[in-house]
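Below, read A as the first sequence line, B as the second, and so on, with proteins coming before strands; counting in each chain starts at 1.
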Protein chains: 6
Amino acid sequence: MAMVKLVEYADATPEVRAVYDEIMATRKTNWINNFWKGLATHPPTLERIWRDVKTVMAPGAIDPLVKEMIYVAVSVTNNCEYCIHSHSAAARAKGMTDAQFAELIAVVGLANETNRLSNGYRFPVDPQFKLFAD
Amino acid sequence: MAMVKLVEYADATPEVRAVYDEIMATRKTNWINNFWKGLATHPPTLERIWRDVKTVMAPGAIDPLVKEMIYVAVSVTNNCEYCIHSHSAAARAKGMTDAQFAELIAVVGLANETNRLSNGYRFPVDPQFKLFAD
Amino acid sequence: MAMVKLVEYADATPEVRAVYDEIMATRKTNWINNFWKGLATHPPTLERIWRDVKTVMAPGAIDPLVKEMIYVAVSVTNNCEYCIHSHSAAARAKGMTDAQFAELIAVVGLANETNRLSNGYRFPVDPQFKLFAD
Amino acid sequence: MAMVKLVEYADATPEVRAVYDEIMATRKTNWINNFWKGLATHPPTLERIWRDVKTVMAPGAIDPLVKEMIYVAVSVTNNCEYCIHSHSAAARAKGMTDAQFAELIAVVGLANETNRLSNGYRFPVDPQFKLFAD
Amino acid sequence: MAMVKLVEYADATPEVRAVYDEIMATRKTNWINNFWKGLATHPPTLERIWRDVKTVMAPGAIDPLVKEMIYVAVSVTNNCEYCIHSHSAAARAKGMTDAQFAELIAVVGLANETNRLSNGYRFPVDPQFKLFAD
Amino acid sequence: MAMVKLVEYADATPEVRAVYDEIMATRKTNWINNFWKGLATHPPTLERIWRDVKTVMAPGAIDPLVKEMIYVAVSVTNNCEYCIHSHSAAARAKGMTDAQFAELIAVVGLANETNRLSNGYRFPVDPQFKLFAD
């Protein structure tokens with residue numbers, strides 16, 4: 001159950017509609033998912049987060065599909081249900097196969113395991129891994 | 001300060017040395033990092049984790065460099081210092097550039113932000129994201 | 001689905017009823033929320049946690065509304081659904097507006113983002129921030 | 001040990017210096033802390049995060065000191081060492097007293113405890129807490 | 001809603017059925033829980049995780065019931081709903097009483113509280129706790 | 001570097017000394033570890049937390065050594081350095097062997113792994129695990 005009432009396109013202010021239109025144009029879709037409808041209850045947050053997502057997730061030195069898989073990895077680690085569903089769907093839309101999804105989850109699981117082995121044993125960082133002198 | 005005394009090659013049992021040798025052969029290096037030297041205090045864990053890492057991180061449907069970047073993403077989210085250093089080094093060894101590292105951290109940061117926006121507002125998952133009927 | 005059967009007032013022992021009565025008197029309400037009905041399955045925990053909540057959340061150097069907002073911030077970061085709902089309701093009862101809730105979530109999201117930027121880049125703490133010599 | 005080489009003012013590009021100058025002017029200080037010197041290795045991230053911090057942390061419906069205390073609450077929950085130091089220092093600069101810091105940490109600790117009691121017992125959310133129909 | 005279609009015994013390949021049979025034989029049950037039916041969508045993960053669970057959770061220096069309680073402690077801290085239910089059920093099957101469950105949750109809650117008190121105050125580790133020189 | 005100045009016995013108020021004396025008497029030691037010396041900067045927190053620790057960690061339905069191992073499991077999952085050291089030392093003082101520590105860390109690592117497999121695949125909870133009707 002949401003903490004705010006989602007803002008549908010029909011009920012949105014021109015300012016919010018402008019963001020919705022840009023989201024749909026950028027993503028070549030004709031619907032807005034609940035994340036944005038909820039942020040629209042606070043337009044400065046809607047605008048800021050959309051601008052950040054558009055910038056950070058744009059093609060760059062890392063491929064957009066890889067960025068989505070990284071997003072899923074964080075969301076699974078944090079157990080954010082909405083984010084796992086929405087970013088897995090985005091990754092699938094960008095070409096993620098079933099086999100890639102399965103390997104992605106396997107890496108995330110293993111990393112969470114070895115993170116705790118390292119935490120628990122408290123291994124000192126090998127000097128070979130240091131890029132810069134302290 | 002480590003919770004266990006690291007096991008150097010010279011002090012290792014034949015069973016542990018066999019794993020060390022395989023790690024170095026697989027990675028084409030001539031040294032063992034502290035993670036494995038620490039796990040060697042409990043050989044069944046050393047063998048099990050090495051086997052899992054070798055299997056999960058092998059080339060498959062996802063590129064090995066991408067797997068390392070996913071590993072870094074989880075480690076940053078969990079703030080595992082050792083893991084951030086070791087897997088960032090592994091990613092650099094597999095070709096990660098400075099620009100890719102910067103984008104990787106940016107995606108991880110953004111994902112952690114929007115994970116909490118979703119958690120706090122508790123948006124319901126859009127039916128369009130469902131792969132299977134409940 | 002709860003792991004324990006909630007203890008209703010009518011079924012409670014005198015010892016549990018005494019805590020329930022004090023909760024309702026302190027909060028000027030005439031109902032008990034599920035958190036307390038669940039803890040009542042283990043009366044020592046019910047009494048200890050109620051005593052702690054009453055002490056820590058009482059007016060002091062920090063305003064009670066601010067304390068509730070801090071509570072929500074932690075609950076959102078941990079993604080504790082029950083806690084987000086119950087403490088957001090408590091904050092609203094103490095005067096939190098929609099605009100304050102929106103800003104609260106925005107700060108929580110941003111803090112989670114920059115926490116990971118700091119984690120990932122592993123910036124050394126500036127000596128200017130140190131209150132005491134090491 | 002940082003993962004990147006911090007960018008000092010003397011070595012910064014005009015673009016980075018412009019952000020540094022704005023940070024110092026906004027905060028009425030004459031030095032730049034390591035967080036920004038590290039982000040400066042990727043100027044788009046430096047500019048984006050500074051803009052977000054300036055926007056979100058500005059006075060609004062929530063008092064700036066309260067925002068800093070919320071920031072500390074998240075950072076303590078995530079155990080981000082750099083962030084705990086930097087945002088506690090910022091909160092002190094905005095007037096946080098020793099007594100307020102002590103109460104802040106007490107609330108954060110208690111919230112983390114009751115979050116796990118709720119998680120473990122998995123209490124259903126009381127309908128009275130729902131703002132909107134499902 | 002699951003991200004994958006669960007694999008029922010009747011639809012499973014011989015390779016997956018062999019794991020299912022071993023799980024049921026080891027656990028002396030005649031049904032497979034959803035965790036394994038989901039992992040079966042990626043047989044290498046099913047086999048690897050089952051082998052790891054069988055090895056790690058076997059009787060050893062720590063009693064199997066205690067291992068299950070440790071598993072619940074981690075799952076509650078991470079708020080993994082499925083894991084809390086399945087490992088609490090496993091612990092009950094191995095003899096965990098209601099009183100033990102209540103104490104387990106109490107310890108987990110308290111540990112999460114004092115973890116944050118330690119994080120927030122950043123206490124230096126006492127030299128008396130060090131097992132090995134740095 | 002600590003956020004507060006630790007309170008040594010010689011500098012403590014009679015109220016704080018009384019708690020210190022009780023801690024040493026209960027634990028049969030003649031020194032106070034830094035956790036308590038730091039909490040002593042806020043005596044109500046010192047007294048409350050000591051009372052809670054004494055109550056929760058006392059012998060009951062769960063053995064004190066097992067409680068300490070559960071405490072370590074939570075602390076490793078949260079990566080609380082101070083807590084891992086102090087509670088591992090407490091567990092060793094109560095009889096934890098090297099083999100038990102190694103198995104404890106192995107269970108914690110595995111639980112963190114399978115927690116994320118469950119989170120990522122989002123398996124529905126099997127009805128067989130439900131103790132109570134929804």
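- Across every non-hydrogen atom of Asn34(B) and Asp126(A), the tightest pair is N-OD2, 2.7 Å.
- Here the shortest heavy-atom pairing between Asn115(B) and Val74(A) reads OD1-O, 3.8 Å.
- At a 4.5 Å heavy-atom cutoff, the contact between Val53(A) and chain B is made by backbone and side-chain atoms alike.
- Looking at heavy atoms from C-beta onward, Phe123(A) lies out of side-chain contact with Asn33(B) at the 4.5 angstrom threshold.
- Side-chain N or O atoms of Gln100(A) include none that pairs as donor or acceptor with a backbone N or O of Ile62(B) at under 3.5 Å.
- Neither the backbone nor the side chain of Thr55(B) comes within less than 4.5 Å of any heavy atom of chain A.
- At a 4.5 Å heavy-atom cutoff, Ile84(B) makes no contact with chain A through either its backbone or its side chain.
- You'll find the side chain of Thr114(B) reaches within 4.5 Å of the side chain of Tyr71(A), heavy atoms only.
- Neither the backbone nor the side chain of Val72(B) comes within less than 4.5 Å of any heavy atom of chain A.
- Between Glu81(A) and Arg122(B) there is no salt bridge, since none of the side-chain N atoms of the basic residue sits less than 4.0 Å from a carboxylate O of the acidic one.
- Neither the backbone nor the side chain of Met96(B) comes within less than 4.5 Å of any heavy atom in chain A.
- Taking 4.5 Å as the limit, some side-chain heavy atom of Leu117(A) sits within range of a side-chain heavy atom of Ile49(B).
- Between Lys67(A) and Glu103(B), the closest side-chain pair of non-hydrogen atoms falls below 4.5 Å.
- Within the model, atoms CG of Asn78(A) and CG of Asn112(B) stand 5.0 Å from one another, a figure rounded to the nearest 0.5 Å.
- The six-membered or imidazole ring of Trp31(A) lies near that of Phe129(B), with a centre-to-centre distance under 6.0 Å.
- Around atom NZ of Lys5(B), no more than 12 heavy atoms belonging to other residues, nucleotides or ligands sit under 6.0 Å away.
- Looking at Tyr82(A) and Asn119(B), their side chains never come closer than 4.5 Å, going by heavy atoms from C-beta outward.
- Counting heavy-atom pairs closer than 4.5 Å to chain B, the top residue among His85(A), Arg92(A), Gln128(A), Met69(A) is Gln128(A).
- Annotation: side chain of Val107(A) is not in contact with side chain of Glu68(B) (no heavy-atom distance under 4.5 Å).
- Looking at Thr77(B), the atoms closer than 4.5 Å to chain A (heavy atoms on both sides) all sit in the side chain, from C-beta outward.
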